[in-house]
Amino acid sequence: DIKNESKSIKKTDTPIKFELLCPDTLITGKTYQIKYIVNYNGNARFLSPAFRGLKLVGGPIKSYEKRMVNRNGKACYDDITTYTYGIIAENPGIVTINSASIVINGDIYKSNSKEVKVIANKIANTRTEFSNNDKNKKHEKENKRNVKKSNSRSIWIPISISILVL
């Protein structure tokens with residue numbers, strides 16, 4: 001009976017966990033996602049971190065998910081809320097991705113922070129300096145001629161899509 005099965009699925013009473021997920025290494029000029037994940041889906045106030053040494057290109061984007069789990073033979077679900085940012089590292093070195101905070105029912109929870117290594121990308125750095133270099137101005141003119149010939153324009157926008165099927 002479907003009704004009986006849905007009654008046996010209960011929200012778990014697990015303690016709140018709030019964590020930062022990000023790569024260990026970043027390459028300058030490339031876009032990466034930084035995610036703050038909390039196992040709670042309700043009335044909460046997310047307090048954004050400061051992104052020092054990183055260029056913020058998007059976010060926070062808030063998304064929800066339900067995860068089915070089997071605990072002691074019983075089907076339960078966890079509510080998950082994710083806050084996602086798009087960032088670009090501009091300079092090589094070590095960067096600390098700061099912790100964020102979230103207020104849930106008057107209690108403040110703080111995520112972990114993480115030190116990540118940023119390595120130089122020669123291609124990305126060349127692209128950044130493109131308009132400042134006289135040699136490259138010649139290439140800009142050639143590219144403009146090619147665009148005029150083809151009558152097409154391209155815009156590259158980093159997009160992340162998450163689809164959850166229940």
Side-chain angles (χ1 to χ4, degrees), residues 5-6 8-131 153-166:
E5 285 179 20
S6 65
S8 67
I9 300 173
K10 297 179 180 177
K11 186 177 179 186
T12 61
D13 293 325
T14 57
I16 300 291
K17 291 181 185 174
F18 187 37
E19 64 181 326
L20 162 67
L21 296 179
C22 66
D24 294 327
T25 304
L26 306 176
I27 298 172
T28 58
K30 293 194 174 195
T31 303
Y32 293 90
Q33 287 188 346
I34 304 299
K35 296 183 178 192
Y36 294 91
I37 300 173
V38 62
N39 62 337
Y40 180 81
N41 181 8
N43 190 15
R45 187 168 51 116
F46 178 75
L47 305 170
S48 184
F51 290 98
R52 292 183 185 95
L54 300 167
K55 180 179 179 183
L56 183 63
V57 294
I61 298 169
K62 185 178 180 181
S63 60
Y64 303 99
E65 176 183 353
K66 283 194 185 289
R67 292 185 185 165
M68 296 291 293
V69 293
N70 184 347
R71 289 206 176 86
N72 300 324
K74 293 184 180 182
C76 301
Y77 67 89
D78 286 336
D79 289 318
I80 307 295
T81 302
T82 303
Y83 299 88
T84 305
Y85 290 90
I87 55 102
I88 296 175
E90 297 182 302
N91 299 306
I94 302 294
V95 174
T96 299
I97 301 188
N98 293 316
S99 61
S101 299
I102 193 162
V103 181
I104 299 171
N105 297 326
D107 295 323
I108 299 173
Y109 298 89
K110 195 171 187 176
S111 74
N112 55 306
S113 59
K114 186 174 180 179
E115 280 192 351
V116 296
K117 183 177 182 178
V118 179
I119 58 176
N121 179 347
K122 298 295 182 191
I123 296 169
N125 289 341
T126 301
R127 225 179 301 136
T128 306
E129 298 165 3
F130 190 76
S131 61
R153 294 183 184 173
S154 297
I155 298 174
W156 293 93
I157 301 171
I159 297 176
S160 172
I161 299 174
S162 298
I163 299 174
L164 175 64
V165 179
L166 299 176

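- Ring pair F18/Y36 is tilted by interplanar angle, where 30° to 60° counts as tilted.
- Checked for salt-bridge contact, E65 and R67 meet the test: a charged N lies under 4.0 Å from a carboxylate O.
- Here the closest non-hydrogen pair linking N91 and V118 is O-CG1, 3.2 Å.
- A heavy-atom distance below 4.5 Å is found between the side chains of I16 and I104.
- Remark: K110 pairs with S99, S101 by the side-chain contact (heavy atoms from CB on, under 4.5 Å) rule, at least two apart or across chains.
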Intermediate values then yes/no, side-chain contact (heavy atoms from CB on, under 4.5 Å), I108 and I102: CA-CA 6 Å; I108 299 173; I102 193 162; over 6 Å; no

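- Residue pairs meeting the side chain to side chain donor-acceptor pair (under 3.5 Å) criterion with at least one member in residues 111-120, sequence neighbours excluded, are D24-K114.
- Remark: N43 CG is loosely packed, at most 12 non-hydrogen atoms of other residues, nucleotides or ligands lying under 6.0 Å away.
- Note: C22 SG to I87 CD1 = 8.0 Å, rounded to the nearest 0.5 Å.
- Taken to the nearest 0.5 Å, the CD1 atom of I27 stands 6.0 Å off from the CG atom of N121.
- Residues M68 and K66 are not in side-chain contact: their nearest non-hydrogen atoms beyond the backbone lie 4.5 Å or more apart.
- Among residues at least two apart or in separate chains, there is no ring pair (Phe, Tyr, Trp, His ring centres under 6.0 Å) pair with a member in residues 86-120.
- Rounded to the nearest 0.5 Å, atoms CG (D78) and CG (N39) are 6.0 Å apart.
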Derivation and outcome, side-chain contact (heavy atoms from CB on, under 4.5 Å), residues E90 and T28: CA-CA 5 Å; E90 297 182 302; T28 58; over 6 Å; no

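- When side chains are defined from C-beta on, L20 counts as touching I97, because their heavy atoms get closer than 4.5 Å.
- Between L47 and V103 the shortest side-chain heavy-atom distance falls below 4.5 Å.
- Atoms NZ and OG1, on K35 and T84 in that order, are 5.0 Å from each other to the nearest 0.5 Å.
- To the nearest 0.5 Å, atoms CG (L21) and CD1 (I37) are separated by 4.0 Å.
- Contact check for K17 versus V38: no side-chain heavy atoms found under the 4.5 Å cut-off.
- Residues passing the ring pair (Phe, Tyr, Trp, His ring centres under 6.0 Å) test with Y32, sequence neighbours excluded: none.
- Contact check for T31 versus V57: side-chain heavy atoms found under the 4.5 Å cut-off.
- We find the OH-CD1 distance between Y85 and I61 to be 10.5 Å, quoted to the nearest 0.5 Å.
- Looking at heavy atoms from C-beta onward, V116 lies out of side-chain contact with I94 at the 4.5 angstrom threshold.
- In this structure, N70 contributes its side chain and A75 its backbone to no donor-acceptor pair below 3.5 Å.
- Residues L26 and L54 meet the side-chain proximity criterion, which asks for heavy atoms closer than 4.5 Å.
- Every pair tested for salt bridge (charged side-chain N to carboxylate O under 4.0 Å, His left out) that includes a residue from residues 36-58 fails, sequence neighbours excluded, so the list is empty.
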